[in-house]
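Worksheet for the structure shown next.
Predicted model, so just to flag it, every value in this text is computed and none were measured. Below, chain A is the first sequence line, B the second, and so on; all start at residue 1.
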Amino acid sequence: MAMKNRDNYIKLEFSSLPENVALARVLIASLVVQVDTTITDLEEVKVAVSEAVSNAIIHGYQNEPNNIVNIEAKIVAGELEIVVEDSGIGIEDVEKAMTPTFSTHPDRMGLGFVFMKSFMDNVEVLSEIGKGTKVVLQKKLVNDGSCARVAT
Amino acid sequence: MAMKNRDNYIKLEFSSLPENVALARVLIASLVVQVDTTITDLEEVKVAVSEAVSNAIIHGYQNEPNNIVNIEAKIVAGELEIVVEDSGIGIEDVEKAMTPTFSTHPDRMGLGFVFMKSFMDNVEVLSEIGKGTKVVLQKKLVNDGSCARVAT
Amino acid sequence: MVIVKIKNESLIVKISGDLDLVIAKDFRETVDKILVDRPLKNLILDLTEVNFIDSSGLGAILGRYKLIQQQGGKMSIWGAKPSVHRILDLSGILKIIPVFKNEKNIIEKREA
Amino acid sequence: MVIVKIKNESLIVKISGDLDLVIAKDFRETVDKILVDRPLKNLILDLTEVNFIDSSGLGAILGRYKLIQQQGGKMSIWGAKPSVHRILDLSGILKIIPVFKNEKNIIEKREA
Ligand SMILES: Nc1ncnc2c1ncn2[C@@H]1O[C@H](COP(=O)(O)OP(=O)(O)O)[C@@H](O)[C@H]1O
Ligand SMILES: Nc1ncnc2c1ncn2[C@@H]1O[C@H](COP(=O)(O)OP(=O)(O)O)[C@@H](O)[C@H]1O
């Protein structure tokens, strides 16, 4: 197939609706399958994106639907970088927030950042109280011509 | 299912790569299936988006990959509006461009605008030579609870 | 999508699609509404048709586990696909909720 | 994806996925490369696995039709799904290229 593994860039802005978590996930998956990567890589990226976007909606905007979440993704030389950004309440103590099982919600497991960290090569969180949160996720995509087509 | 038929808004910016036509189509399809619409409506919107985005890449940017295409979509009270925009070469004579079978490319059929017009309720084209083209597509989505789930 | 069936003393819940925050909410509300009126002995969660799960989905599963435990019942999970199984495993849920392979599903897959 | 098979004097081309500008290019290049070396009597296009088509896909089909016509051959289309068939119909292509239902596919669908 022509034109695989080219550099690519996308940026999506969307309402902070729970349904849009799937939308962001599908979009990023469509981007990742353009690279001949493994199904495992694809699955891992989907979970990480789902966690970051869910956090923006649930925590950042406290489920208020009339806000905007931003997701930017680029692939440069097989290196994927995703930035998820909200202008919500922000995180007081990022280190504490990233501790496994820590959650400010009683119903939640505190595994969001754990999954982001296990499934991506690098996770960076920038947050300011009252201003919002920016999560940068990076991953080198494994090039595997034998598997990618299955996932399209 | 909870929270169907809520108003929604998304905006996507992406590199003018042919592969991104599918990406834009998948994104808009994910948005449309949030509404309990018919499979026919979903298919029609996919074709219209595909035509508008392909035109931006092929004609607007003459297949140069390092440009940005914009697509904005909103659903308000079941009314879908999609705006596809490029900053490419522009269209000299919009009326002529919209004539069935008219194409400036020998290999193409000149059916892009025909499909947009047949599949959407309203199509508006704003273009300026050297500045770019903006295509506004509107469609009232039929609410049909019995079919939407199949398409997800 | 969440489909429920009550069979003797068991509540069978079949989820389809991506078990993220949207379906997690559906799942939580559906199960809780039934169990509040009528405590049951078993909660069987059929994940055969689940293609994706994240921590919101896991949280909803763990929450229903706690609820049925409180009521003196048991919970089990059926038919998770490998990618879903992996996330269940990583979360530690497999250590507290037994997971079975759905045999019917295995046969179907072999025939596919 | 574009898979080709040559059987006697026929070139069978099976396309899978969304027949938009990306696969249209693939299709065009694959067929043209074969026909330039070796004119054939029939071009059979199997659309069974095509989920979507737009005017770029139609353009590629019409272009291949013209090419095989020039070489004295014929073209036919197999197994278009209803949504794809509708677009073929609207474009007028059905009036010049015969479209057959792929029987094998119909049987498979009934059994699904
Ligand atoms: N975008 C965000 N805005 C504000 N707070 C956040 C955001 N993301 C995460 N947090 C905080 O970090 C905590 C831990 O997040 P996470 O590990 O994803 O677990 P969980 O979502 O289960 O709580 C959250 O409970 C919340 O307090
Ligand atoms: N975004 C655009 N930028 C510049 N020219 C365009 C754009 N969209 C359409 N056109 C012009 O309008 C013509 C007709 O478009 P269309 O009906 O989609 O048919 P086709 O894409 O097959 O040529 C094109 O051939 C092109 O000259």
**Request:** Examine whether an atom of A:I58 lies under 4.5 Å from a heavy atom of chain C, and if so say whether it belongs to the side chain, the backbone or both; otherwise answer neither.
**Result:** side chain
**Message:** Between C:S56 and C:V22 (side chain of the first, backbone of the second, donor and acceptor by atom type, cut-off under 3.5 Å), is there such a pair?
**Reply:** no
**Prompt:** Salt bridge check: are C:E29 and C:K33 linked by an N-O gap of less than 4.0 Å?
**Reply:** no
**Asked** Can you say whether C:S91 sits under 4.5 Å from chain A via the side chain, the backbone, both, or neither, judging by heavy atoms?
**Response** both
**Fill in**
Whatever's closer than 4.5 Å to a heavy atom in chain A on C:L58 counts as both
**Request:** Go through the atoms of C:I87 and report whether side chain, backbone, both or neither lie under 4.5 Å from a heavy atom of chain A.
**Result:** both
**Item:** A:K117, A:Q138, A:E81 screened by side-chain hydrogen bond (donor to acceptor under 3.5 Å, both in side chains) with A:N122, the one that passes
**Value:** A:Q138
**Asked** Does a donor on one side chain and an acceptor on the other come within less than 3.5 Å for A:K74 and A:N8?
**Response** no
